[in-house]
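See structure below.
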There are 4 protein chains.
Amino acid sequence: MPHSTTAPTLGVGMVGYAFMGAAHSQGWRTVARAFDLPLTPVMAAVCGRDPEAVAAAAGRLGWAAAETDWRALIAREDVQLVDICTPGDSHAEIAIAALEAGKHVLCEKPLANNEAEAQAMVEAARAARDRGQVAMVGFNYRRVPALAHARRLIAEGRLGSLRHLRATYLQDWGTDPAGPLVWRMRKEKAGSGALGDLGAHVVDLAQYLTGEPITGVSAQVETFIRRRPLPGDPERTGEVTVDDAALFTGRLASGALASFEVSRLAAGRKNALTIEVNGAEGSLSFDLERLNELEFHDHTLPAAEAGFRRILVTEPDHPYLEGWWPPGHGLGYEHTFTHQARDLVRAIAEGGRPAPGFAEGLQVQRVLAAVEESARNDSVFTPVPLPARDEQGE
Amino acid sequence: MPHSTTAPTLGVGMVGYAFMGAAHSQGWRTVARAFDLPLTPVMAAVCGRDPEAVAAAAGRLGWAAAETDWRALIAREDVQLVDICTPGDSHAEIAIAALEAGKHVLCEKPLANNEAEAQAMVEAARAARDRGQVAMVGFNYRRVPALAHARRLIAEGRLGSLRHLRATYLQDWGTDPAGPLVWRMRKEKAGSGALGDLGAHVVDLAQYLTGEPITGVSAQVETFIRRRPLPGDPERTGEVTVDDAALFTGRLASGALASFEVSRLAAGRKNALTIEVNGAEGSLSFDLERLNELEFHDHTLPAAEAGFRRILVTEPDHPYLEGWWPPGHGLGYEHTFTHQARDLVRAIAEGGRPAPGFAEGLQVQRVLAAVEESARNDSVFTPVPLPARDEQGE
Amino acid sequence: MPHSTTAPTLGVGMVGYAFMGAAHSQGWRTVARAFDLPLTPVMAAVCGRDPEAVAAAAGRLGWAAAETDWRALIAREDVQLVDICTPGDSHAEIAIAALEAGKHVLCEKPLANNEAEAQAMVEAARAARDRGQVAMVGFNYRRVPALAHARRLIAEGRLGSLRHLRATYLQDWGTDPAGPLVWRMRKEKAGSGALGDLGAHVVDLAQYLTGEPITGVSAQVETFIRRRPLPGDPERTGEVTVDDAALFTGRLASGALASFEVSRLAAGRKNALTIEVNGAEGSLSFDLERLNELEFHDHTLPAAEAGFRRILVTEPDHPYLEGWWPPGHGLGYEHTFTHQARDLVRAIAEGGRPAPGFAEGLQVQRVLAAVEESARNDSVFTPVPLPARDEQGE
Amino acid sequence: MPHSTTAPTLGVGMVGYAFMGAAHSQGWRTVARAFDLPLTPVMAAVCGRDPEAVAAAAGRLGWAAAETDWRALIAREDVQLVDICTPGDSHAEIAIAALEAGKHVLCEKPLANNEAEAQAMVEAARAARDRGQVAMVGFNYRRVPALAHARRLIAEGRLGSLRHLRATYLQDWGTDPAGPLVWRMRKEKAGSGALGDLGAHVVDLAQYLTGEPITGVSAQVETFIRRRPLPGDPERTGEVTVDDAALFTGRLASGALASFEVSRLAAGRKNALTIEVNGAEGSLSFDLERLNELEFHDHTLPAAEAGFRRILVTEPDHPYLEGWWPPGHGLGYEHTFTHQARDLVRAIAEGGRPAPGFAEGLQVQRVLAAVEESARNDSVFTPVPLPARDEQGE
């Protein structure tokens with residue numbers, strides 16, 4: 001039953017039903033219960049290659065139908081939005097086909113596994129935009145209320161001129177060398193390792209929070225554990241063809257210094273996306289392991305009473321909080337997908353251009369490509385091509 | 001669509017649709033998506049007195065039908081479980097009627113506004129149990145994974161003999177004297193103030209975590225702000241007839257010392273349910289404002305390397321985590337209701353006796369009654385009657 | 001060599017040279033190096049009963065001479081100030097004799113082991129004051145810069161009307177039952193256990209920070225481990241005749257609620273003197289284990305940007321910081337004794353009345369006596385006699 | 001009076017009496033009171049150019065005599081150890097002269113303002129060593145107990161193979177553009193800015209903690225504020241000729257990735273020397289703003305009970321703690337200088353070779369030089385020459 005029985009519906013078809021598919025499903029399931037929406041999403045169909053598995057997933061996750069061919073999913077009349085939750089190697093093909101078929105598209109990050117594919121997706125999105133379609137990349141962490149609030153504070157000038165940004169995204173599931181060679185460790189599927197999986201998030205957030213592009217990088221990448229047991233055949237090992245960790249410094253357009261570190265081998269750090277920004281008039285600090293908190297230092301206060309203050313980002317006038325609980329009753333990881341769904345549905349209804357669009361996804365891709373190029377070239381500072389005007393317009 | 005299309009259904013009817021109703025709805029909506037269940041809950045009908053408002057709530061929260069008379073809700077054939085989310089003054093009447101009508105019951109805490117009502121509810125629940133019905137009180141915080149894990153550690157003896165328990169539940173929404181006289185500040189509706197609203201939770205958790213009843217208390221209660229503007233008529237004021245804060249010490253059955261403080265006027269504390277337990281071999285510490293974390297000190301380690309360790313309670317073998325996300329991807333407040341629904345549905349299917357049953361709710365009520373009695377009697381230590389054997393059996 | 005070679009000297013004689021004696025020595029040794037003083041303290045002589053041990057202590061701690069009879073120490077011409085660092089059972093006798101001999105006195109807390117002795121000391125101090133002598137109690141934690149700053153903020157009204165104060169002082173050195181029966185566990189030496197040792201500090205701080213006396217208490221005390229091995233004869237055990245822990249609630253004169261807990265058996269808490277004060281316009285929170293920090297919540301800020309802020313109390317205009325290092329270069333426990341020495345020396349030079357005077361020490365004693373009385377009387381709320389006018393004047 | 005009246009003395013002569021001089025004085029003043037020493041330091045003389053100011057400093061800091069020519073100080077018969085606390089431009093000249101005059105030397109970091117000077121100092125130290133003299137660099141943070149304990153844990157293999165090290169040293173005193181052009185902002189005095197001042201510390205600590213040299217770096221440096229008011233003439237401005245901030249990545253000899261960031265413009269960070277090390281079996285994390293704490297994650301524990309644990313490094317068997325207070329009674333910044341004095345005095349007495357020797361100081365200098373070279377060369381990865389065998393021997 002819709003949030004408002006009079007709102008028209010928006011049929012959603014999702015491709016992929018693993019971790020990301022489950023998270024997106026939770027978003028679609030809850031968004032119209034938490035927020036007033038001009039369109040009511042309907043979970044029309046989910047798509048996967050294994051008929052039994054996808055049927056079970058449809059039942060478990062609450063999709064009305066199951067498909068085994070993504071082309072059939074795109075072709076369904078009850079699907080107006082295609083939500084792509086597959087590994088990065090199939091993003092371009094599915095997204096371009098969906099856009100050409102007149103559907104709106106939500107595509108998980110990273111936009112694509114290489115810049116050429118990402119460029120083609122941007123072009124398809126631009127053409128589709130002229131037909132009234134929307135294309136969005138799933139950088140869900142922009143929808144953590146604390147980070148949306150951080151962007152707002154920076155945009156209001158509360159930090160003054162920016163000097164420093166430092167970000168990490170540290171996990172530790174790769175620490176054990178006996179861990180299997182999953183698809184996220186194979187270049188042909190994942191494009192890259194920690195860099196694309198985790199680095200894409202922090203690069204996007206750096207640009208999102210500051211409103212500034214990254215203009216160049218100097219990088220090192222490393223694969224500490226080069227062979228791992230094959231899944232399902234632990235006696236044999238296969239080669240890890242992506243990075244375990246990447247370390248890079250960069251510059252924002254304003255000249256601020258930026259540093260980034262991502263790893264799957266940081267023992268004890270489970271999901272430590274941390275980001276700090278220092279400006280002439282204040283600083284902000286965030287840690288995804290405490291996602292309901294934002295630390296804010298107001299440097300314009302007298303020194304004797306200044307300090308990082310822990311804002312619980314659960315107040316009614318914090319971003320996205322109008323849909324949830326009283327102050328102090330925290331949200332979790334999955335709410336970012338509900339918020340993403342909210343913003344996307346509203347953009348579709350209003351004919352807007354939801355951020356991040358594909359051009360922003362491409363720009364992240366260019367930063368990641370520059371990281372890899374710098375790492376291949378003795379860490380030499382490698383400029384990142386800035387978006388052309390029409391890309392910016394996307 | 002059910003989690004497993006072959007699972008039989010369990011029709012749920014909910015009374016009340018404000019804060020608690022919204023939270024319970026989120027639990028019913030998501031439980032079968034996150035967990036394997038032997039029965040699939042169906043959100044059959046919601047009940048409220050205002051026809052328009054309840055119809056809107058049904059649409060917004062996803063209930064298939066709306067009722068304006070709770071007796072009609074109970075009588076519905078498609079309702080097998082009655083979920084009571086109203087203020088405490090109506091709990092007894094609705095719950096007893098539902099049990100007598102052969103329905104399972106989930107009743108929000110506190111069980112009732114006084115001990116006599118709570119006692120009648122326990123008796124109704126006992127009679128119903130012989131007919132195979134289930135009655136549960138909604139102490140949802142037992143289902144915070146960190147607290148469920150804490151109980152497990154204590155039960156395993158990791159803390160040794162218990163010496164101290166200290167708990168607070170501090171909020172600050174009552175700090176401003178211009179805040180309106182809401183129903184939670186009126187004795188006839190709410191029974192008591194911070195004591196019943198917040199104190200019930202920490203009393204229940206103290207007994208749940210340690211597995212020991214509170215045997216007596218010494219208490220002070222206070223109403224700092226005695227008159228407040230009437231809602232809808234801010235020119236006039238009315239009397240606050242409940243406490244703003246309560247402070248009490250007590251004993252656990254083992255002789256451990258316990259302290260409790262609850263308040264609505266603790267500026268800056270938004271939802272600070274904190275609880276620490278010290279034993280001869282270890283200690284635990286928790287803060288609901290960081291609900292994905294549990295601090296554990298293992299006192300059996302060498303002193304030079306011992307310390308409170310911050311366990312992110314998001315690992316696959318932590319309680320309830322099998323249904324959710326990878327390590328470090330935190331949960332929120334509302335997940336406690338999903339977990340509560342899981343445990344309740346399983347108990348109904350298996351003919352079990354879900355904890356906390358009504359007798360446990362009554363026991364909490366007795367502690368709160370002893371707090372009020374002690375506060376009236378110059379804080380003298382006031383014993384809490386322990387449950388009779390058959391109550392314990394409930 | 002004195003700080004200023006032209007400043008006259010102040011001869012100090014110290015009784016006792018164990019833990020407190022070593023800490024006071026560090027204060028006397030460093031105070032004229034860190035602060036401008038009108039009198040330069042000279043470490044004239046230290047006193048203890050064992051001739052060899054006291055001579056060694058004199059050498060190690062830097063005292064110019066050693067005495068084995070405290071009466072001889074008091075009689076020395078080069079001693080103008082007697083610093084009493086012995087257990088509480090000898091405080092009254094030494095302090096009264098020193099005052100009668102015309103010496104200034106610094107006496108470690110608690111002032112005495114019972115109220116009668118404390119009362120006699122107050123009278124001696126009052127008589128001595130008329131002769132220009134100074135008497136001070138060693139509540140050194142008042143001189144933690146963060147706590148001195150907290151008092152300042154409260155006195156300036158930054159917290160508005162006070163509602164709550166909660167304080168703990170938790171240690172864990174008593175956790176192990178095999179720990180020996182030291183003098184701090186014997187009533188005849190120590191007066192009481194955690195209550196006098198730790199409780200005296202938090203009671204004093206509660207009154208110091210708020211500027212309000214405690215008007216009554218309701219208490220429980222407990223001795224968890226009743227027999228312990230004798231020091232030097234671990235085969236035999238002796239009786240613990242003091243409390244391990246005390247738990248009490250109280251009221252401040254303004255009506256604010258206060259809670260206190262002290263223990264030597266809180267596993268993992270090493271020196272956890274925590275104190276939080278909530279008012280209508282703000283809150284403060286402190287933990288001695290992080291003594292360079294003060295948490296301040298300004299409730300007058302908009303809710304969306306309010307939160308507890310961590311002030312590093314190391315700025316030049318924080319109390320006592322003019323003598324030390326640049327911002328962020330933290331101080332330690334022992335600095336409280338240097339600060340105490342500074343304030344005492346200045347008071348002597350200026351003929352002032354250093355706080356806390358003996359009357360304040362007596363008032364703390366009365367609170368502790370009321371705690372013990374309440375604990376004996378089923379925790380009944382027990383008023384604390386307020387100071388007479390002339391005591392207040394001390 | 002010495003700690004042990006029978007211990008021979010060690011005459012100390014100090015050059016410079018500003019911030020570092022005051023800190024070293026506190027070390028010399030207290031070391032024999034806290035620790036058993038084979039030699040008792042005597043604060044013989046302090047040296048500075050301004051006769052009045054140095055005389056005042058001698059009085060204030062407790063030095064027996066004052067000199068205005070460092071050559072005269074070195075020549076004094078009562079000086080056996082020369083302690084150099086001047087800006088880096090005079091280190092080489094004073095240190096070499098002192099060593100050639102047969103004196104032991106303690107030299108503040110950075111060892112020198114350029115590699116050539118540092119190399120000459122190493123040679124002088126090597127020659128002096130053959131004559132039984134000792135030369136040590138003042139990297140005082142090695143003597144923070146938590147960091148000494150961290151080194152011990154790593155050396156014991158508790159972290160397994162190292163993967164990552166990340167370190168920052170962030171201050172904010174340069175944030176305000178109206179701040180004056182102090183000597184630390186002029187290349188001819190200070191050599192470099194944040195890099196030499198703060199970077200030297202984190203580079204030394206990275207090598208100290210891991211026991212591995214840094215083999216190469218990729219760097220950016222920046223001067224955000226290029227002109228500042230002249231001290232004493234605020235109407236006019238002068239050029240800032242050193243960096244405000246430096247950002248570099250590197251490799252340890254084992255292949256572990258390392259990142260470093262130092263800044264004087266990180267608003268709100270007062271003295272944030274943070275360092276984290278991740279290995280295959282555990283991780284450590286430290287923050288100088290909470291210098292009594294070390295966070296340790298033991299990755300060999302079951303995941304459900306693992307987490308970063310906060311060790312209060314105040315136990316009797318933690319490094320340096322035998323001289324101080326009971327557990328939980330924290331130390332401060334200045335204690336590092338007392339510990340440094342302890343280790344140096346013992347090395348002199350025992351004819352040992354105290355770490356860090358001048359060769360270690362040179363190696364830090366080489367890393368800093370490589371940072372500057374990389375920054376000049378588009379951040380290209382720049383190898384750091386490893387110490388020759390005989391340098392290692394120093």
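So that the names make sense, note that chain A is the first sequence line, chain B the second, and so on, each numbered from 1.
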message = Nearest 0.5 angstrom please: D:F308 CZ to B:I311 CD1, how far?
response = 13.5 Å

Only pairs under 3.5 Å, no angle test: what donor-acceptor pairs are there between chain D and chain B?
from, atom 1, to, atom 2, distance (Å)
D:H149, NE2, B:A304, O, 3.3
D:R158, NH1, B:E305, OE1, 2.9
D:R158, NH2, B:E305, OE2, 2.9
D:A304, O, B:H149, NE2, 3.3
D:A304, O, B:H318, NE2, 2.7
D:E305, O, B:R309, NH1, 2.6
D:E305, OE1, B:R158, NH1, 2.9
D:E305, OE2, B:R158, NH2, 2.9
D:F308, O, B:R310, N, 2.8
D:R309, NH1, B:E305, O, 2.6
D:R310, N, B:F308, O, 2.8
D:H318, NE2, B:A304, O, 2.7

inquiry  = Suppose we screen for side chain to side chain contact (heavy atoms under 4.5 Å, CB included). Which residues come up paired with D:A146, at least two apart in sequence or across chains?
reply    = D:V144, D:F286, D:L294, D:V313

request  = Determine the option with the most heavy-atom pairs under 4.5 angstrom with chain B, choosing from D:P316, D:A303, D:P327, D:A304.
outcome  = D:A304

Chain B contact via D:A306 - which portion, at a heavy-atom distance below 4.5 Å = backbone

